[in-house]
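Each remark here refers to the structure printed beneath this line.
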2 protein chains.
Amino acid sequence: MLQPSNVTSLAERRLLHETVVDQLRDLIVQGELAPETKLNERVLAERLGTSRTPLREAIKFLASEGLVELLPNRGAVVAPLKPEKMQEVFVVLGALEALAGDLACRNAADADIADIRALHYHMLAHHARGELAQYFRYNQQIHQRIIDCAGNATLAQAWRAMNAHVKRARYLANLSGERWDKAVKEHEEMIEALTRRDGAKLQALLRDHLANKLVMVMEALQARKTEAAR
Amino acid sequence: MLQPSNVTSLAERRLLHETVVDQLRDLIVQGELAPETKLNERVLAERLGTSRTPLREAIKFLASEGLVELLPNRGAVVAPLKPEKMQEVFVVLGALEALAGDLACRNAADADIADIRALHYHMLAHHARGELAQYFRYNQQIHQRIIDCAGNATLAQAWRAMNAHVKRARYLANLSGERWDKAVKEHEEMIEALTRRDGAKLQALLRDHLANKLVMVMEALQARKTEAAR
DNA sequence: ATTCGATATTTTGCATACAAAAATCATTTG
DNA sequence: CAAATGATTTTTGTATGCAAAATATCGAAT
C-alpha cells in the first residue's frame, strides 16, 4: 500500500537556518531592510525569533549571494544598491535570460507555453487596470516560468540570485505610463516568439527587454539620489 | 602626515571564517574531499584548526555556491559530481564566457591583451613539454584574465562559482594527445580573435571550446563510472 | 565650541555547552 | 541466520559564554 501521508516528510523538514535565510532575504528584497542597513545580530536574532548562531549562518549564506556585505570585525550590512552594480547585474542577467529563452524554445512543453500565455493575459488585465503590484507579480512569474522551461536547474539558481538584486530595485521603479506600455508590448512579442519557438528572436527580445528595464531602474536610482541630496 | 603603514590594514584583516571557506573550497575543488564525502564537523574543524562554529558558517557559504549539499539534520556532503549537473554547468559557463569574451574585446587595455598573449605562450611551452599540470595552470589563468578584462565584477563572481565545479572535474580529465592538441589550437584562435578585438568571433570560439571541454569531462565521468562498476 | 583622549558599553567572532536527532551496535526473536 | 528491536554512542542544530575589537560616552584642554 502506498503511504500518502509520507510524501512530504523529507521536504517539510526545514532547518531553522533555511527559514532564517528566506526571511532575511525577503526583508532585504522587499526593502524592509534598506540598503546599507547595519545588521545587528542581537536585534535581528530577536526579531526573527532565534539565536545569533543560525542568524550568522544565514548572513554568511546571503553574503555568498551578494545580498549582504561582510565587514571584518564590524558585522554585516545590507548590500548597497549602487548604479554600477545594477549595470553589472543586468548585463549578466541579460545573458542568462537570453540563454534561458533559447533553451525554453527547444525544451518547453506545449502545455508550459500555454501556461505562460495564460499568465501573460493575466498580466495584460492588471496592466489595463493599472494595478502595478499585481502586474509585477505576473511579470515575475512569466520570467520565472521561462527560466524553468529551460530545464536547467543550475541556470535557474544563478538567475534567481541575480534577479534578487533586480527585485530589490523594483520597488523604487515608478513605471510611467509610456514606459509601462512599452514593456507590455515587448512581452507581447516575447510570447509570440516563444509560441513560434523562435529561440533566436526570443533571445534578442529578452536582451532588449532587460536593457529597457535597466534604463528605468537607473532613472529611478538617479531620482532617489537627487532626492536624497536635497 | 600620511600613514603609509596603514594602507593594508583593512584588506589584511581576514576573518577565520573566510580562510576556512578558502581552505574547504580548495579541498573540494582539488578532490581531496571526494564528491559525496560526508563532512563531519568535529573532524573537519580539528583538521582545519578551528571550532565548529566558523566551519559551519563556511559550509553554509559553500552551500550557496553549490559545492556542498545540506542534508537536514544530517549535516552536509560534498556535492556529487553528476554528469547532468556538469552539462548544466557547462551550458551556463558557456553563456558567461561568451559574454565575457565579447565585453573583453571592447574593454580590455592593449596591455591586458599583451599579458594574456604572454600567458598563452607559456601555456604553449608547457603543452610542448607535455607538462599537464602547468598547462592547466596557465589555461585557467588565461580564462580568468579574459573574464577580468570584461570589467564586470558580478560576472566574474558568477563565473568563479561555475568554474569551481569544472575545476573539480578537471583532475579526472586525462587529456589524450589528440584532444589536447585541439584545445591548444582553439586557444590559438581565441587569442587571435581577442587581438583583433573581434567580439563576435571570440564569443563563438569560447562557446565551442567549452563544448569540447564538456565532451572530455563527460567521457572522463563515463570512464570513472564504468571503472567504479567493475 | 571643538577636538582629543581615556573609559565604559556594545557588538562581534569564536569556542563551548546542551538537547534532540541520527547512526551504530548488541541482543533478541522468528 | 536474517530481521527487528532497543540501548548506546555519535553527530548535528541551537543557545550561550567569553574575550577582543569596535563604538559610544564623557570630560578635559586648547
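Keep in mind that what you see is a predicted model, and the values were worked out from it rather than measured. We name chains A, B, ... by the order of the sequence lines, and we start the count at 1 in each one.
Counting heavy atoms from C-beta outward, B:His143 and B:His187 have side chains that approach closer than 4.5 Å. Side chains of A:Phe61 and A:Val20 form no contact here, defined as non-hydrogen atoms less than 4.5 Å apart.
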Classify every nucleotide of nucleotides 11-19 of chain C by which part a protein heavy atom approaches to under 4.0 Å, writing B for the base, S for the sugar-phosphate alone and - for neither, in 5'-to-3' order.
SBBSBBB--

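With respect to B:His126, the ring pair (Phe, Tyr, Trp, His ring centres under 6.0 Å) criterion is satisfied by exactly one of B:Tyr135, B:Tyr138, B:Phe136, B:Trp180: B:Tyr138.
Residues satisfying the side chain to side chain donor-acceptor pair (under 3.5 Å) criterion with B:Lys85, sequence neighbours excluded, are A:Thr154.
Checked by atom type, the side-chain pair B:Asn163/B:Gln144 shows no donor-acceptor distance below 3.5 Å.
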